[in-house]
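Take a look at the structure below.
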There are 2 protein chains.
Amino acid sequence: MTHKRRSTLRDVARQAGVSVTTASQVVNGRSGGNIRISEATRQRVWEAVRTLGYTPNASARSLRTRKTNLLAVLVPDIANPFYPQLIRGVQQVASAEGYDLLVYDADDHPQREKAFVEAILQRQVDGVIMVPFFLQDEDLERITRANIAVAVMSGAPSMIPGVDVLKVDDTAALSGLINHLIAKGHRRIAHLSGTLNTIAGRGRFKGYRRALKEAGIPYDQRLVGIGNFRADCVPGLIEQLFAPDHPAPTAIFAANDVMAIAAIYALKRRGLRVPEDVAVCGYDNIPEAAAMIPALTTIDQNMQQEGRMLARLLVERLGSPTRLPERAVPFEFRLVIREST
Amino acid sequence: MTHKRRSTLRDVARQAGVSVTTASQVVNGRSGGNIRISEATRQRVWEAVRTLGYTPNASARSLRTRKTNLLAVLVPDIANPFYPQLIRGVQQVASAEGYDLLVYDADDHPQREKAFVEAILQRQVDGVIMVPFFLQDEDLERITRANIAVAVMSGAPSMIPGVDVLKVDDTAALSGLINHLIAKGHRRIAHLSGTLNTIAGRGRFKGYRRALKEAGIPYDQRLVGIGNFRADCVPGLIEQLFAPDHPAPTAIFAANDVMAIAAIYALKRRGLRVPEDVAVCGYDNIPEAAAMIPALTTIDQNMQQEGRMLARLLVERLGSPTRLPERAVPFEFRLVIREST
DNA sequence: TTGGTATGGTAAAACGTTACAGCAGAAACG
DNA sequence: CGTTTCTGCTGTAACGTTTTACCATACCAA
């Protein structure tokens, strides 16, 4: 069975008895400048559009206008509840502005991030939003050189021309969190780190060390477990932290909520109570954090709103006729103290 | 600052001293049929590609070939941990096959599902994968008429020509689950339903009623709370279920894990123990289900693998020169009994 | 009349690819 | 040596839009 050809603007024009140009102008709702079309022809064109079931061909349009109306978003691990929230936020403004969204899940593999770069270059997307874990500045520059707008969420605001960044400056929040633990009397505070070759992983680790230093607590290597932001690594790390060769921690700061929650369960399975025996806190404030028992103390970054902000930076840049200077927007953090500490 | 033009196939051809046609053939790695190109020319073309940093323009290519290499996936609620897993599965095979992925989060709004249809029609995506909650058969037909391959995950296998379906026939699993509860001695089994105008919501509700009937347990309207698949509705529903005007349930079957987990916490906050006082089970087997305490009894549908299967159905259909008949692939369920029952 | 200026349109050339048909030259064959 | 058959390549026409420049007519003022 051969499919009947999808109707084009030419068909519409013929049907309405006008030129292709006119049909195009009507469909695109042009009116400014010296484009004038009588109400009567408008009607006829729309009528033809309706009877033929015409839908514009996005490829042709993009080819001509050099605009794809496509945004891409790269996340390190879509299974982490943090990122779907971010994506939702991005999608809300993207779709309100007429953009569709390409989503790439790097699944924590560096080469998938690289592949992302290649893909968007071919696709000629209008803009990208990324939470890069492995990509270097040179990769970003390659993208901007291809005239693609970029907004990144990052802790290292390495000002690349034309790249907007949502600046994750969580020093204050991290200090607040650690100080909160200290105020509760904790001295042996452990850290479950994220992947350390990522910016977020390093940032949180550094924040932990800095806050300890400020409080005059010596750093103890045995109280740090190097993890990967995922739940699966946690049981093993807890094992290490509570090894009998050194005094056990009384509090744990995990690099994200996913690990913190996993830690709480691991502790419970060892017969330890949270927060009575060990206090636990996380980072992200994912939905589960508020719901669980004990409710998790954490740092909130309202991911949905962050997504919206990133998308907004992007569409502003895209909408502007002149080349905007890059911006660094700091993002608000909130220390959310709940039952787990 | 005006950007330097991105180089095209013409530039490559000129640089390599060959025709555009030849350049195209080399880049696309054509060799079959009567296309023959000497090794020497090949080298020169690739050399030119490299020095010019040439990247094919996807829009132009799509326009010409009528293939976008784009797949779209529609999910009802990306914040439900079930769907990111599905998306990941889809992406794994999609990207292995050279497709990029458009993701649409309906956020539980019917009109966003409608918008999805419009979007993919314009985009001329090659195929779509959907978990439609509100869309009707006629919407699907509209999509197939536009020559777009469709694979849906659905419990109502309404055989539309050209639409593959991953058939969610969970009757056996549901019976197994309820029978497990009955075997444990439960008679007053409550149900926290999902949104009832969705296929999944109705299906699970029906399964619950059927299983009760088979077991000879009378249906009690007061043991059913109409929910929405999200955690936020649960506390109120628990309130109702345990209202003093009727005997309280001793077991709860929630329409998905997200609600089941919320229910467990709501019960704990009321001072009830799970499973000693009330047994709770869910549906989906999201990652949290295994990790939490008490670990959740649930029905596993291995979402990542489902995503892979859906994507595979699609790419097979796309790869086939002849029009394949629609297929209905049943999907395996597994009753996962853990600590919560 | 002449010229100027709105008004409502149209023709043709892009945008960057790929598909199709064809065409030289060399080699093979009788 | 004439014909056929490979080999390796090229020219041109699409694909469906939007943009630019231009063209009729009609109307109005001088």
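Per chain, numbering begins at 1; letters A, B, ... match sequence-line order. Treat the numbers as computed from the prediction; the structure is a model and nothing was measured.
- Residue A:R66 contributes atom CZ, which lies 13 Å from atom C1' of D:dT19 at whole-angstrom precision.
- We find that CZ of B:R5 is positioned 13 Å from C1' of C:dA14, with the value rounded to whole Å.
- At distances below 3.5 Å, at least one donor-acceptor pair connects side-chain atoms of A:D11 with backbone N or O atoms of A:T8.
- The side chain of A:N57 has D:dG16 as its nearest neighbour among D:dG16, D:dT10, C:dG8.
- In the set D:dG11, C:dT10, D:dT19, C:dT10 carries the atom at the smallest distance from any side-chain atom of A:S19.
- B:T41 comes within contact range of the sugar-phosphate backbone alone, with a heavy-atom separation under 4.0 Å but no base atom that close.
- Rounded to a whole Å, the CG atom of B:L9 is 20 Å from the P atom of D:dA14.
- Between the side chain of A:T22 and the base of C:dG8, no donor-acceptor pair of N or O atoms lies under 3.5 Å.
- Distances were taken from every side-chain heavy atom of B:Y54 (C-beta onward) to each of D:dT17, C:dT10, C:dT17; the shortest belongs to C:dT17.
- Atom CG in B:N28 sits about 12 Å away from atom C1' in C:dG16, given to the nearest Å.
- Taking atom CG of residue A:N69 and atom P of nucleotide D:dT17, one finds them 15 Å apart after rounding to whole Å.
- As judged by a 4.0 angstrom heavy-atom cut-off over every strand, B:T8 is placed among residues touching the sugar-phosphate backbone only.
- Under the 3.5 Å distance criterion, the side-chain polar atoms of B:S24 are left unmatched by any main-chain donor or acceptor of B:V20.
- Taking atom CZ of residue A:R64 and atom P of nucleotide C:dA13, one finds them 13 Å apart after rounding to whole Å.
- For C:dA19, the base has a donor-acceptor partner in the side chain of B:T21 [N/O atoms by modelled type, under 3.5 angstrom].
- Side-chain to base pairing of B:T65 with C:dA19: no donor and acceptor N or O lie closer than 3.5 Å to each other.
- Summarising the local packing, CD of B:Q136 is surrounded by 12 or fewer heavy atoms from other residues, nucleotides or ligands at distances under 6.0 Å.
- Note: CG (A:L63) to P (D:dA14) measures 17 Å, nearest angstrom.
- Looking at heavy atoms from C-beta onward, A:L313 lies in side-chain contact with A:V329 at the 4.5 angstrom threshold.
- Within 4.0 Å (heavy atoms only), B:S62 reaches no atom of the nucleic acid at all.
- Side-chain proximity of B:R36 to D:dC15, D:dG8, C:dT17: nearest is D:dG8.
- Note: CZ (B:R10) to P (D:dT10) measures 15 Å, nearest angstrom.
- The closest donor-acceptor contact from the side chain of B:S7 to the backbone of B:L52 lies under 3.5 Å.
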